[in-house]
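Below is one structure; the comments refer to it alone.
Everything numeric here is computed off the predicted structure, so don't read it as measured data. Keep in mind that the numbers below use all heavy atoms, side chains included, and drop hydrogens, waters and symmetry copies. When a ligand or atom number is given, it counts from 1 through the structure's own listing order.
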Amino acid sequence: MSHEPKRADFSIPVHIDLYSDTQTRPSLAMKQAMMDADMGDEQNGSDPTVWALCDRTAALLGKSAAMFLPSGTMCNQVALATHCRRGDEILAHQDAHIQSSEAGGPGAIGGVTIRGLPGARGIFSADTLRDAIRPISRYAPPQRLVEVEQTANKGGGACWQVAELKAVADVAHEHGMQVHVDGARLMNAAVALGVDARDVVADCDTVWLDFTKGLGAPLGAVLAGSTEFIGEAWRWKQRLGGSMRQGGMNAAACLYALDHNIGRLAQDHANAAALAEGMSRIPGITVEPPETNLVFFGTEGSGLTAAAFAARLRPFGVTVSVSGPFRGRACTHLDVSAAHIAETLAIMRQVLV
Ligand SMILES: *Cc1c(COP(=O)(O)O)cnc(C)c1O
């Protein structure tokens, strides 16, 4: 069985890419910032641009230290392995990315198991967490860490309210557990909630931010936490091959994103709301009301699977992703304009008649 991704069909150009916010291409200005970057050897601490990115992101997230890594997945794996020992258990939502989409990394790398918690829209309550906590005993796996996704991807891009997150973090801390935030789309949550990112994660111990989603950089994510935690995490970064050399070139793109691509996330949310509103008026399509830039929809009423619907859109240069037999996802980002939304809705109506 090959696990290599299927090559895209490059003969049909993609015109409106709603597949994911990972699809953004670096802008000319971002590439110029990369060209101008000061560089050194990230692995031995001599790349000034990587240090600048780490310092700025740590401040943005209200943590004392940070490290640059190639991807969000590696941030999760480094963080989980640093927090936990072999045999420990992590409590996370049952639809969490660490559970479904990281190739079993928590077990394979960290030696930990994940207990999946239920809850609507990818969010679980403090009571649900409390119910999942076992008395400490020789028989039970040590429960070391609570993990939350902000925003919750498979939950429809839903935001944890600050109070919900605080309640969960309080229960975790009462029981001697730490709290880790998968912040692949943390800035979308901060913008949608109208709360500074550092205040969103104030009650959490570790958090990372993806630069390759809504922020539009080609590579990179930053993991933040206490100075002691990041110091320890460096051994896992090194062990997994996540230490880089002239990382400054990519860090410069991330710094550019911090300067230019955060405030505009509100536009992605408005575009997602307009797309959802338009799709909800297409017969046969149901829409989960979006909170941020992810629009999940159902195709069952149209008689088409989500994959068949996606296949009908593709010749028109429109891509969406498939997340279940009749569940699809359209994602807005900085390469999708309001005009693209109107065009997408017209194409969707056309392919369903
Ligand atoms: C995309 C994503 C990740 C992984 O990030 P990569 O940078 O693609 O490795 C982790 N968690 C969530 C919720 C995501 O959406």
Side-chain angles (χ1 to χ4, degrees), residues 5 17-24 26 53 57 66-81 90 92-106 108-110 114 116-117 119 121-124 145-160 165 179-190 192 197 200-201 204 206-224 236-237 240-242 244 247 250-251 253-254 257 261 265 268 272 290-296 320-323 329-333:
D17 203 335
L18 302 168
Y19 177 85
S20 175
D21 43 9
T22 56
Q23 305 299 299
T24 56
L53 175 67
T57 309
M67 66 164 51
F68 190 38
L69 287 163
S71 70
T73 300
M74 202 182 280
C75 287
N76 274 336
Q77 295 310 320
V78 165
L80 268 41
I90 296 171
H93 193 275
Q94 60 198 15
D95 294 332
H97 196 277
I98 53 166
Q99 169 97 306
S100 65
S101 306
E102 301 190 10
I109 297 166
I114 300 172
L117 305 180
R121 296 182 74 65
I123 288 165
F124 52 88
L145 187 69
V146 173
E147 193 256 13
V148 303
E149 250 174 62
Q150 179 71 302
T151 66
N153 182 345
K154 290 193 176 166
C159 299
W160 290 71
L165 194 45
V179 180
H180 172 69
V181 178
D182 172 335
R185 297 185 179 84
L186 176 66
M187 297 318 297
N188 293 85
V200 174
V201 296
C204 305
T206 55
V207 53
W208 60 270
L209 194 64
D210 219 331
F211 285 88
T212 59
K213 297 210 167 147
L215 299 183
L219 180 153
V222 173
L223 171 66
W236 277 104
K237 171 174 156 84
L240 297 180
M244 293 176 276
N250 284 289
C254 301
N261 292 349
L265 291 170
D268 297 342
E291 291 179 34
T292 52
N293 69 325
L294 306 180
V295 180
F296 281 83
V320 296
S321 68
V322 174
S323 63
R329 191 188 79 173
C331 180
T332 59
H333 50 73

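- When every heavy atom of Ala257 is checked against every heavy atom of Phe211, the shortest pair comes out as CB-CD2, 4.3 Å.
- Looking at Asn293 and Asp21, their side chains do bring a donor and an acceptor atom within 3.5 Å of each other.
- Heavy atoms only, all atoms of each residue included: Asp95 and Glu149 are closest at O-OE2, 4.4 Å.
- Annotation: side chain to side chain contact (heavy atoms under 4.5 Å, CB included) contacts of Glu102 (sequence neighbours excluded): Thr73, Asn76, Gln77, His97, Ile98.
- For Phe124, the ring pair (Phe, Tyr, Trp, His ring centres under 6.0 Å) test picks out Trp160, with sequence neighbours left out.
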Once you restrict both partners to nitrogen or oxygen, which atoms of ligand 1 have a protein partner under 3.5 Å, and how far apart are they?
unit_1, atom_1, unit_2, atom_2, d
ligand 1, 5 (O), Asp210, OD2, 3.1
ligand 1, 7 (O), Gly72, N, 2.8
ligand 1, 7 (O), Asp210, OD1, 3.3
ligand 1, 7 (O), Asp210, OD2, 2.7
ligand 1, 9 (O), Gly72, N, 3.3
ligand 1, 9 (O), Thr73, N, 2.8
ligand 1, 9 (O), Thr73, OG1, 2.7
ligand 1, 11 (N), Asp182, OD1, 3.2
ligand 1, 11 (N), Asp182, OD2, 2.5
ligand 1, 15 (O), Asn153, ND2, 3.1
ligand 1, 15 (O), Arg185, NH1, 3.0
ligand 1, 15 (O), Lys213, NZ, 2.8

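- Remark: Ala221 pairs with Cys75, Trp208, Asp210 by the side chain to side chain contact (heavy atoms under 4.5 Å, CB included) rule, at least two apart or across chains.
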